2 protein chains.
Amino acid sequence: MGMEDIRKAALFQFATNGYEGASLSSIAAEVGIRKPSIYAHFQGKEDLFLQVARYAFQEQNLRIFEYFTERKDQPLEHTLHDFLFWMGQEYESNNSAKFMLRFSFFPPVSLYHEVLDIVNPFLDKMERKLTRRLRNTRDREPFGHMEPVDVALAFMTLVDGIMVELLYSGSINYHRRLNAAWPIFWRGITLTSPHEA
Amino acid sequence: MGMEDIRKAALFQFATNGYEGASLSSIAAEVGIRKPSIYAHFQGKEDLFLQVARYAFQEQNLRIFEYFTERKDQPLEHTLHDFLFWMGQEYESNNSAKFMLRFSFFPPVSLYHEVLDIVNPFLDKMERKLTRRLRNTRDREPFGHMEPVDVALAFMTLVDGIMVELLYSGSINYHRRLNAAWPIFWRGITLTSPHEA
DNA sequence: GTCTATAGGAAGATAGAC
DNA sequence: GTCTATCTTCCTATAGAC
């Protein structure tokens, strides 16, 4: 209780209303305490936000690594394709995912550098992890003509492009995009071009 | 002057600091007037924001259509590829583009429906325009095995995924992603899969 | 560790002089 | 159409009782 409840409520309020749009009153109200009680656990709004941010990115980082670890022996095609669905579910059911997306793109101006120091290591980790997975694939070199790191970057771009649609239009257009973009991506990384063949 | 100066300053402030993060004081200060003078031109903050939003989306809509019209006789490959660079330049030099991206993804909660009524027609127009361009291509059916509307959706996903990187990491990673993702996309839409060949 | 009370400031908005 | 002055409300934050 106490601190954890506040963190959870703050996670939701920040993710939903942004940094300036979320007030300590609204967070306290959601927990069921009074505003000044927050100061017994956190130094202030900035401190609360940054602690929530570190927590959210760490949690989401763990969940994503778990996803890939659990499926490391499955075919790459299914692992990557299902990841796009999985992230959609995460976004709808998991406030950490929502928080992460919002403040990766739009950190509060007053905390710009502090937030970037959380976001950048996260993205670097993702890129490395994904590149490693692509290098160790047991499929018979489905994209032997490409650098794994480029495939990783392109996949992360695909993920972002699809998540973005989730952000503004909800899940109908999200699925339209997913079904349109995935086959093109997969074809693009598995087929050898005529010039190279 | 007057109204136009206020619109321009508001565009910048909203795009940079978000809806709640931008104050009428800061907007007035940028114009060089006092806060109450804004009320001679706009009903209030919400009205100002929505008028700026309609302006920004309309302007960006025009610029994008212009881009495609000017190049309607050029090869599709160059038109699409260059569009990714062009959007990057727009984002860095054009506050309307910045505004559009920010509030497409994160509209102020209190104006959610009003903003969606601006964003959705914009996206629909983009999709139709792009689909039409793909249908009328003079290149010898480079993606005859795919529906133009799916190619359009996939391209818009690619654009979003790359723009998103511009939002949080600046132009270095933007170019890394562009160079990784574009060849995969183009290969994916131009090559015929072995099963269909 | 939570509360009431309150300070101190900034926000959006209005009234009325010029 | 812009100003000064002011209202109301909300914000972050602190003091001090329990």
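Keep in mind that the numbers below use all heavy atoms, side chains included, and drop hydrogens, waters and symmetry copies. Here the structure is a predicted model, which is why all the values come from computation and not from measurement. Letters A, B, ... are given to chains in the order of the sequence lines, protein chains preceding strands, and every chain is numbered from 1.
Picking from D:dA15, C:dT14, C:dG12 the nucleotide with the shortest atom distance to the side chain of B:Lys35 gives C:dG12. Side chain of A:Ala40, nearest nucleotide from D:dC3, D:dC11, C:dT2: C:dT2. Taking the side chain of A:Ile33 as heavy atoms from C-beta on, and the options C:dA15, D:dC11, C:dC3, the nearest nucleotide is C:dC3. Of the candidates D:dC11, C:dG12, D:dT14, D:dC11 carries the atom nearest the A:Ser23 side chain, counting heavy atoms from C-beta on. Side chain of B:Lys45, nearest nucleotide from C:dG12, D:dC3, C:dT2: C:dG12.
Separating the CG atom of B:Asn17 from the C1' atom of C:dA11 is a distance of 15 Å, rounded to the nearest angstrom. In this structure, B:His41 places its NE2 atom 6 Å from P of D:dG1, rounding to the nearest Å. If you measure from atom CE of A:Met3 to atom C1' of C:dT2, you get 17 Å, rounded to the nearest angstrom. Spacing between atom CG of A:Leu24 and atom C1' of C:dT2 amounts to 16 Å, rounded to whole angstrom units. Regarding B:Tyr39, its OH atom lies at a distance of 17 Å from the P atom of C:dG16, rounded to whole Å. In this entry the distance linking CD1 of B:Ile27 with P of C:dA13 reads 11 Å, nearest Å. In this entry the distance linking CD of A:Glu20 with P of C:dA10 reads 16 Å, nearest Å. Atom-to-atom, CZ of B:Arg34 to C1' of D:dG1 comes out at 15 Å; the value is rounded to the nearest Å.
Ion pair A:Arg176/B:Asp150 not flagged as a salt bridge, since none of the NZ, NE, NH1 or NH2 atoms sits closer than 4.0 Å to an Asp/Glu carboxylate oxygen.
In this structure, the ring of A:Phe99 has its center no less than 6.0 angstrom from the ring center of A:Phe12. The aromatic ring centres of A:Phe103 and A:Phe57 sit 6.0 Å or more apart. Two rings, from A:Phe185 and B:Phe185, have their centers 6.0 Å or more apart.
Cation-pi geometry between B:Lys45 and B:Tyr19 is met: under 6.0 angstrom from the ring centre, within 45 degrees of the axis.
Map A:Gln43 and A:Ser25 each onto its nearest nucleotide of DNA chain D; the residue landing nearer the 5' end is A:Ser25.
Residue-level contact check: B:Ala22 touches the backbone only, with heavy atoms under 4.0 Å from sugar-phosphate atoms and none from bases.
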